[in-house]
Amino acid sequence: MKIIGGISSQSLSKRISDKLDIPIVAIEYKTFPDGEKYCRILEDIEGEDVLVVQSISSDSDLIYLLEIIDACKNLEVGKKIVLIPYFGYARQDKIFEIGEPISARVIAGLIKADKIYTVNIHSRSVLNFFGSPVDDLNAMPLLVDHIKDTSLTDPVVVAPDEGSADTVFNAASNYYDFDYMEKTRISSDKVVIKPKKLDVRGRDIVIMDDMISTGGTVLETAKMMKENGANDIYALCVHPVLVRDTLLRLYAAGIKEVISTDTIEKITSRVSIAPMITEKLKTMF
Ligand code: R5P
């Protein structure tokens, strides 16, 4: 088996290659003067099984992924396994307002492989849109393992909303007190968000979510925690989308550390999903 590293998942590809002791295929990427994307696999990989690793964080990431898969087909590779560590567009997984597309369905339908892996996809309903066999892997336990090595004061792990509560609870509740933020509607225009049950006074808080994008969810949660007397606040996520100046705003709001996995390669990507991926792949071969 060989690894084809996508342009958005270069370090992760190397980590997986080291762990499995399998080589990375030489590939060239370029952008034409008009902005069109081009790639070319520079090795003869006919008959070889390949693992393509490419997150979809931008439109061009998707184009490159589709191009790589097509190039693999043209080279008559063996099995094509595609790992999409971050699957963008998953939040448009249904029609919220009349006239909208289901973008996640559009994208998922384009990706054809013998097996596809996603990681903490925003909504599991998106898995039904793939036309190829797909599995979603859960990286939350890796984040929990990471915090086990951090010295914290009487920590509480907090899911910022009821949507992420189950996944965070399953990963963390054997080791830490767990709570989630509950929204209570006071009047038609007033919503109070507060910890569901625990007194967080004087305790360190670990906010865990599938992704941090604009940071709004974490900032609101952190504000409530502070108002409830929490001590240090850490923000952990699987996917560090972290648009524009989000990281800076999180630090400015007093978040002590922002830690994520490497499904998207950012400065916060201190926890690698490579061990989880390699364990999974070993069961396939
Ligand atoms: C929401 O359902 C997700 O789990 C995240 O909480 C959300 O996508 C984070 O977005 P933002 O950082 O923009 O608040």
Side-chain angles (χ1 to χ4, degrees), residues 8-9 11-12 15 55-58 61 83-91 93 118-124 126 136-150 152 155-173 175-176 178-181 193 195 204-225 230 232-277:
S8 66
S9 298
S11 302
L12 176 59
R15 289 180 192 123
S55 276
I56 303 173
S57 296
S58 67
D61 290 343
L83 167 64
I84 309 169
Y86 174 66
F87 185 90
Y89 285 95
R91 283 179 283 184
D93 61 338
T118 57
V119 179
N120 291 89
I121 198 156
H122 183 68
S123 158
R124 289 191 63 82
V126 174
D136 186 57
L137 307 176
N138 179 13
M140 283 278 179
L142 300 175
L143 293 173
V144 173
D145 284 347
H146 180 85
I147 52 175
K148 283 187 204 153
D149 296 332
T150 312
L152 299 168
V156 185
V157 172
V158 174
D161 56 37
E162 290 170 59
S164 55
D166 278 353
T167 324
V168 178
F169 175 84
N170 290 337
S173 62
Y175 313 98
Y176 297 101
F178 166 81
D179 205 354
Y180 66 91
M181 302 300 283
I193 302 174
D204 284 351
I205 305 297
V206 180
I207 302 170
M208 286 184 81
D209 206 353
D210 62 338
M211 71 173 80
I212 303 176
S213 180
T214 65
T217 307
V218 166
L219 285 170
E220 184 66 12
T221 306
K223 188 170 148 234
M224 290 301 142
M225 290 293 153
D232 287 338
I233 298 180
Y234 297 76
L236 274 70
C237 67
V238 175
H239 307 300
V241 180
L242 297 172
V243 298
R244 298 182 295 274
D245 59 350
T246 293
L247 193 54
L248 197 57
R249 288 188 301 108
L250 293 173
Y251 289 137
I255 306 275
K256 188 155 180 185
E257 276 189 70
V258 181
I259 298 162
S260 71
T261 76
D262 53 359
T263 58
I264 303 174
E265 296 177 357
K266 294 271 170 83
I267 191 98
T268 55
S269 302
R270 287 167 44 194
V271 177
S272 182
I273 62 164
M276 175 180 78
I277 301 302

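Residue numbers run from 1 in the order of the sequence given.
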Do the side chains of L236 and L143 get nearer than 4.5 Å, heavy atoms only?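 Answer yes - side chains close enough.
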
Can you tell me how far OH of Y86 sits from OG of S260, rounded to the nearest 0.5 angstrom?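 Between atom OG of S260 and atom OH of Y86 there are 12.5 Å.
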
Out of curiosity, D232 CG to I255 CD1, how far, rounded to the nearest 0.5 Å?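 Spacing of CG (D232) from CD1 (I255) equals 10.5 Å.
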
Could you tell me which non-hydrogen atom of K256 sits nearest to which non-hydrogen atom of Y251, and how far apart they are?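 Closest approach of K256 to Y251, heavy atoms only: O-CE2, 4.1 Å.
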
Any P240 side-chain heavy atom under 4.5 Å of L247 side chain: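 No, every pair of side-chain atoms sits at 4.5 Å or beyond.
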
Any side-chain to backbone donor/acceptor pair from S164 onto A159? Under 3.5 Å, distance only.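 Answer holds: no.
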
What are the two closest non-hydrogen atoms of D93 and A90, and how far apart are they?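 Answer, listing the atom of D93 first, then A90: CB-O, 3.3 Å.
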
Please list, chain by chain and in numerical order, all residues satisfying side-chain contact (heavy atoms from CB on, under 4.5 Å) with D210, sequence neighbours excluded.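 Checked D210 against side-chain contact (heavy atoms from CB on, under 4.5 Å); matches are H122.
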
Which distance, rounded to the nearest 0.5 Å, do you find between the CD1 of I233 and the CD1 of I205?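 If I round to the nearest 0.5 Å, the distance is 6.5 Å.
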
For the side chain of D262 and the backbone of I273, is there at least one donor-acceptor N/O pair under 3.5 Å apart?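 Yes, because the side chain of D262 sits within donor-acceptor range (under 3.5 Å) of the backbone of I273.
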
Mind checking ring-ring contact (aromatic ring centres under 6.0 Å, His included) for F169 and listing every partner two or more places apart, or none if nothing turns up?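 Per chain and number, F169 pairs via ring-ring contact (aromatic ring centres under 6.0 Å, His included) with F178.
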
Is it true that a side-chain atom of D61 and a backbone atom of S58 form a donor plus acceptor pair closer than 3.5 Å?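 At least one qualifying donor-acceptor pair exists.
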
Exercise: identify the closest heavy-atom pair between M211 and V241: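 M211 and V241 have their closest heavy atoms at SD-CG2, 4.2 Å.
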
Could you give me the CA-CA distance, side-chain angles and deciding distance for T150 and D204, then say whether side chain to side chain contact (heavy atoms under 4.5 Å, CB included) is met? CA-CA 11 Å; T150 312; D204 284 351; over 6 Å; no

Identify the heavy atoms of M181 and P160 that sit nearest to each other, and give their distance.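 Taking M181 first and P160 second, the nearest heavy atoms are CB-O, 3.4 Å.
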
Specify the closest pair of heavy atoms between E162 and Y180, including all atoms of both residues, with the distance to one decimal.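 Looking at all heavy atoms of both residues, the shortest contact is CG-CE1, 3.2 Å.
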
Passing candidate, side-chain contact (heavy atoms from CB on, under 4.5 Å) with V157, options I147, V144, D179: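 Per the side-chain contact (heavy atoms from CB on, under 4.5 Å) rule, the option paired with V157 is I147, out of I147, V144, D179.
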
Taking atom CE of M208 and atom OH of Y176, what is their separation to the nearest 0.5 Å?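 One gets 9.5 Å once the value is rounded to the nearest 0.5 Å.
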
Got a second to check how far S9's OG is from E265's CD, nearest 0.5 Å?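 Those atoms lie 5.5 Å apart.
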
Throw together a table of side-chain donor-acceptor distances under 3.5 angstrom for residues 212-225, partners on residues two or more places apart or in other chains.
residue : atom : partner : partner atom : Å
T214    : OG1  : G216    : N            : 3.2
T221    : OG1  : T217    : O            : 2.8

Nearest atoms (heavy-atom pairs only) where V238 meets T261: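 V238 and T261 have their closest heavy atoms at O-OG1, 2.6 Å.
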
Step-by-step side chain to side chain contact (heavy atoms under 4.5 Å, CB included) determination, Y234 to I207: CA-CA 6 Å; Y234 297 76; I207 302 170; over 6 Å; no

Side-chain (S269) to main-chain (I264) donor-acceptor, under 3.5 angstrom: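 The answer is yes, because a donor-acceptor pair under 3.5 Å joins these two groups.
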
Could you tell me the separation between the CG atom of N138 and the CE atom of M276, rounded to the nearest 0.5 Å?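 N138 CG to M276 CE: 7.5 Å, rounded to 0.5 Å.
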
Can you tell me if OH on Y89 sees more than 12 non-hydrogen neighbours from other groups inside 6.0 Å?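 Check fails, neighbour count at 12 or below.
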
Could you go through I121 and D136, starting from their C-alpha distance and side-chain angles, then the distance that decides it, and tell me whether this counts as side chain to side chain contact (heavy atoms under 4.5 Å, CB included)? CA-CA 7 Å; I121 198 156; D136 186 57; 3.5 Å; yes

Treating H146 as the side-chain partner and R270 as the backbone partner, does any N or O pair qualify as donor plus acceptor under 3.5 Å?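 Not a single qualifying donor-acceptor pair exists.
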
